[in-house]
J.: 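Can you read through this structure? Questions will come right after.
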Amino acid sequence: MRLLLKGGRVIDPVTVRDESLDLLLIDGKIEKLGRTLTSTSVEVIDLKGKIIAPGFIDMHVHLREPGFEHKETILTGCTAAAAGGFTAVCCMPNTNPPIDDESVVRFIQNKAKVALSGLVDVYPIAAVTQGRKGEHLAPLAELSAAGVVAFSDDGDPVFDAELMRRALEYAAMYKRPIIQHAQDLPMTKGGVMNEGFTSTELGLAGMPPIAEDVMVSRDIALTDYTGAQYHVAHMSTAGATELVRRAKARGLNVTSEATPHHFTLTDDAVRSYDTNTKMNPPLRTREDIEAVRKGLQDGTIDVIATDHAPHSYDEKQVEFQAAPFGIVGLETAIGLSVTELVQKGVLSFYQLVEKFSVNPRRILHLPQIQIEEGEPANLTIFDPLAEWTVDPSTFKSKSKNTPFSGFRLTGRSVGVINNGQVYWS
Amino acid sequence: MPLESRHLLGLQGMSQPDIQLILDTAISFREVLERPIKKVPPLQGKTIANMFFENSTRTRFSFELAERRLSADVLGFQASGTSVAKGETLKDTARNIEAMKVDMVVMRHSASGAPHYLSQVINANVINAGDGSHEHPTQALLDMYTIREKLGKLDGLHVCIVGDIAHSRVARSNIYGLKTMGAKVSVCGPATLMPRGIEKLGVDVYHHIDDIIPHVDVLNVLRIQLERDAGRLFPTIREFHNYYGITRQRLERSPKPITIMHPGPINRDVEISADVADSEHSVILQQVLNGVAIRMAVLYLLATRN
Ligand SMILES: [Zn+2]
């Protein structure tokens, strides 16, 4: 590999850089960095107007393999990630078998290594409890040694407070966060959308926002008591955002993520009974969207993660209440974030790079990527001004379940570079 | 003027002239039901499938009778549970039935929005015979017809719907329809059976039945789902009856007679006492008869729309 990237705007919060620079990449490394580089026998790529950032990581992805290969595989998921501008993903453990044993971790690692020749780093997140059943702790030490970066029973909460306390204590010994899908179960039993005026009109069973708030509140108390590390997955309510804000102010090791759909759509979108508007946590209200945006702006919410949850066409072609929760997100994340956050003045591009690269790596204790001479080239390149229309039929993901079909977006991935591999979108 | 929509999915958003048209058309069919020969020919050659994914003997009979009175060919389909439990999806079931050249589908389903979904995947006219906790438009139409028959008008009347508003499709359709026709609507029940934001539909919310009874012209008393709600959403059936049950004693405190309605089937002496259900102010059996006429009107208007 010999590439000369000309004229791109390099934004690297780690080296505190935001300037137009040329990058000479040779054999997967940043050979040279400078104002106007020239070199012989290299492929020259004009990146004027494009942004070059440390590789983006989506820390909340459902790759579905093993067990649900009709929805997504490690290969198709990694391809969707690359197409969407990510050089790394964390995959959630609600597979079959679930990631609650070292052997499953190895299986995923081996598949990821050969998928796209290792272009996309896959960091497994293992289950907190055996079989994700919420009864007994999974072998957290063995799983940490095998390379998992965090623990979560995502899809379900760790509901038992005693077990959650022990999980936090145990995982903290290995510097791993517990990522909580925060949802009080009895309060949301049978629920299929946000509880509010819209659910009342549609006659659909509601999941009240307080079901998320009470769980986050409990978990913050447990984090305080144990001194452990806690991360809120897909935070969607104004109440939970405020709780995390206060926990951070008190110095607790509490972090959070938000998804593009939760800062873009309200539960009004459900009026069509379109099953692609059904996800968990559900789409909330305008006030919640404003709170999530404010949280992203003031740092209460550290990370943008997609909760990429592929489901096959047939699985979603049913009545609303019978449809599975979840939507795909990898290939619309940059577009929605630029359109809804940067263009609306919520975040700068610099902050966007922090949410997509620096902060998730900090939370997961992964080494930071630096755009610096001698460093490996792990880069996300995106066009901040590209205007495009979402067409699910062009998705690389095996599944097309998105509520954003036909949306006009600004901002799109141009390509990614990692582990000596290059992918142009 | 034909109906605006080729489906009857709900009364939310249905125009005042459309509701008026259905109610007025039902008058002539109601008259047919009084004749010695209760059959008329307008739907001859039309095929209607009744797809009931939820048990409901009375609504199914009412639709079937309406269809046969209009000389339509009738297919019955009874299943239970959601598509997932059944193995075949709703879409496949509907498309198979449509492949037999069915003109209209009447559907009852436990999932809110199921008829809306159906109307997107098949070409036949879809009539919602009750979807989850969402809407039950023909029930509300027959309720309005019955009120108009008894009290001569809808405009300016005060109707109170009593009981489990949260899980009631009858309540929602009645609220939409009655508001459109100019009635005042209140709802009454324990806070735990009130759906969030219901007041935004333009209804007044009451928790104490004796506060509202003196002010209303009509009480529409909903059926309480005994097996589902007791113990979690309200304490006991006895307490519910004591605090919300419509009894003669309660009604006597009203200065004027109140028309009593119930969509059936009744839990006698739970939400309504037996003597009230059978009293001269009860129109519960008229509702049943009018239901056939309303369904005839809806089927006729949709079938002859083109
Ligand atoms: Zn989750």
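In what follows, every chain begins at residue 1, and chains take the letters A, B, ... in the order their sequences are listed. Quick note: numbers below take in every heavy atom, side chains included, and nothing from hydrogens, waters or symmetry partners.
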J.: Under 4.5 Å from any heavy atom of chain A, what part of B:Q12 do you find: side chain, backbone, both or neither?
T.: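 The side chain, not the backbone.
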
J.: Under a 3.5 Å cutoff, is there a donor and acceptor pairing between the side chains of B:H134 and A:Y273?
T.: yes

J.: Shorter than 4.5 Å, heavy atoms on both sides: which option in A:D314, A:D274, A:V192, A:L204 has the most such pairs with chain B?
T.: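 The option with the most such pairs is A:L204.
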
J.: Any salt bridge linking B:R169 with B:E54? Criterion: basic side-chain nitrogen under 4.0 Å from a carboxylate oxygen.
T.: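 Salt bridge present between B:R169 and B:E54.
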
J.: Taking atom types as modelled and ignoring hydrogens, do the side chains of B:E239 and B:T236 form a donor-acceptor contact shorter than 3.5 angstrom?
T.: no

J.: Answer with side chain, backbone, both or neither: which region of A:F197 has an atom nearer than 4.5 Å to a non-hydrogen atom of chain B?
T.: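 The answer is both parts of A:F197.
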
J.: Answer yes or no for B:R295 and B:F63: cation-pi contact, defined as NZ/CZ to six-membered ring centre under 6.0 Å and angle to ring axis within 45°.
T.: yes

J.: What residue in B:R172, B:E199, B:H116 has the most heavy-atom pairs under 4.5 Å with chain A?
T.: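 Counting heavy-atom pairs under 4.5 Å, the top option is B:R172.
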
J.: Identify which one of A:N96, A:V104, A:I99 satisfies the side chain to side chain contact (heavy atoms under 4.5 Å, CB included) criterion when paired with A:P66.
T.: A:V104

J.: For the candidates B:A166, B:G197, B:G113, which exhibits the highest count of non-hydrogen atom pairs separated by less than 4.5 Å from chain A?
T.: B:G113

J.: If you count heavy atoms of other groups shown closer than 6.0 angstrom to CZ of B:R196, is the number above 12?
T.: no

J.: Report which part of B:K91 has an atom under 4.5 Å of a heavy atom belonging to chain A: side chain, backbone, both, or neither.
T.: side chain

J.: Checking A:T275 against chain B: side chain, backbone, both or neither under 4.5 Å from a heavy atom?
T.: neither

